[in-house]
Amino acid sequence: MSQIYQLEEITAIIQQNPQQWRPLVFTNGCFDLLHVGHTRYLKEAKSHGKTLIIGVNSDNSVKTIKPMKEKQPARPIVPQQQRAELLSNLRMVDGVIIFSEATATKVIEILKPDIYVKGGDYAIETLPEAPTVLSYGGKIELVEIEIPTSTTKIIQQILAIN
């Protein structure tokens, strides 16, 4: 079982024992309602390196992300600590951090993952973190979305039941 770290803490741990952690894979997101699309994505992300660290958007940062602001009901539904704990209990996850910015650029600048993974619904050209990853020689992998499941669609189905 992994744990939830502060950014400075996990950075120091990785620097003390890089052979245990690298190549390090990093991905990030809201992970509001965990579903099979998430778990398959994370399993594929982990396959690109030795360890997988997930950055979870804080409750406040979720509210600042434009597409999330436009969705109803208000997001996130699950509080940040619970989202982080759920992810930390997944077998393929080696660590979780919660970050408060709208993008993971600051986290990536500090952590310097060897591989940054996002879903295939992104494009490197429009990925805000891409310039940072490429600036230190990191690699970006866009993984295919195997099952087109979305938290928004799940919420809409639940609301339709009422």
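Owing to the predicted nature of the structure, the values given are computational and were not obtained by experimental measurement. All values below were derived from every heavy atom in this structure, side-chain atoms included, with hydrogens, water molecules and symmetry-related copies excluded.
Going from atom CG of Asp59 over to atom CZ of Arg75 covers 12.0 Å, rounded to the nearest 0.5 Å. Atoms CD1 and CG, on Ile108 and Asn28 in that order, are 6.0 Å from each other to the nearest 0.5 Å. Interatomic distance, CZ of Arg83 versus OG of Ser58, reported as 7.5 Å (0.5 Å rounding). Rounded to the nearest 0.5 angstrom, Leu90 CG and Thr39 OG1 are separated by 7.5 Å. Once rounded to the nearest 0.5 Å, the distance linking OH of Tyr122 with CG of Leu142 reads 10.5 Å. Remark: Thr132 OG1 to Ile110 CD1 distance equals 11.0 Å, nearest 0.5 Å.
Contact of the Ile115 side chain with the Pro23 side chain is registered, since non-hydrogen atoms from C-beta on lie closer than 4.5 Å. Within the 4.5 Å cutoff, side-chain heavy atoms of Ile65 are placed close to those of Cys30. At least one side-chain heavy atom of Asn89 sits under 4.5 Å from a side-chain heavy atom of Glu85. A 4.5 Å side-chain heavy-atom check between Leu42 and Phe31 finds at least one atom pair inside the cut-off. Side-chain contact between Glu129 and Ile140 is absent, with no heavy-atom pair separated by less than 4.5 Å. Residues Phe26 and Val117 have side chains not in contact (no heavy-atom distance under 4.5 Å, counting atoms from C-beta outward). A 4.5 Å side-chain heavy-atom check between Leu87 and His38 finds every atom pair outside the cut-off.
Scanning for salt bridge (Lys or Arg N to Asp or Glu O under 4.0 Å) contacts around Arg22 gives Asp114, with sequence neighbours left out.
Of all heavy-atom pairs between Ala102 and Thr64, the closest is CB-OG1, 3.8 Å. Here the closest non-hydrogen pair linking Ala84 and Val96 is CB-CG1, 3.8 Å. Across all non-hydrogen atoms, the minimal contact from Ser61 to Ser100 is CB-O, 3.2 Å.
Donor-acceptor pairing under 3.5 Å is recorded for the side chains of Tyr41 and Thr27.
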Audit row: Asp32, Val62, side chain to side chain contact (heavy atoms under 4.5 Å, CB included) steps and yes/no: CA-CA 9 Å; Asp32 198 2; Val62 170; 5.8 Å; no

Intermediate values then yes/no, salt bridge (charged side-chain N to carboxylate O under 4.0 Å, His left out), Lys50 and Asp94: CA-CA 9 Å; Lys50 189 172 193 175; Asp94 298 290; over 6 Å; no

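Ile54 and Val107 fall into different hydrophobic clusters, where Ile, Leu, Val, Met, Phe, Trp and Tyr residues are linked whenever their side-chain heavy atoms come under 4.5 Å apart, directly or through other members. Under the 4.5 Å side-chain heavy-atom criterion for ILVMFWY residues, no single connected hydrophobic cluster contains both Val25 and Ile124. Under the 4.5 Å side-chain contact rule for hydrophobic residues, Val143 and Val93 share a cluster. Ile4 and Ile13 fall into different hydrophobic clusters, where Ile, Leu, Val, Met, Phe, Trp and Tyr residues are linked whenever their side-chain heavy atoms come under 4.5 Å apart, directly or through other members. Put simply, Ile98 and Ile53 are part of two different groups of oily side chains (I, L, V, M, F, W, Y) that touch within less than 4.5 Å, one to the next.
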Side-chain donor/acceptor pairs under 3.5 Å, residues 5-12, sequence neighbours excluded:
residue: Glu9; atom: OE1; partner: Gln6; partner atom: N; Å: 3.2
residue: Thr11; atom: OG1; partner: Leu7; partner atom: O; Å: 2.7

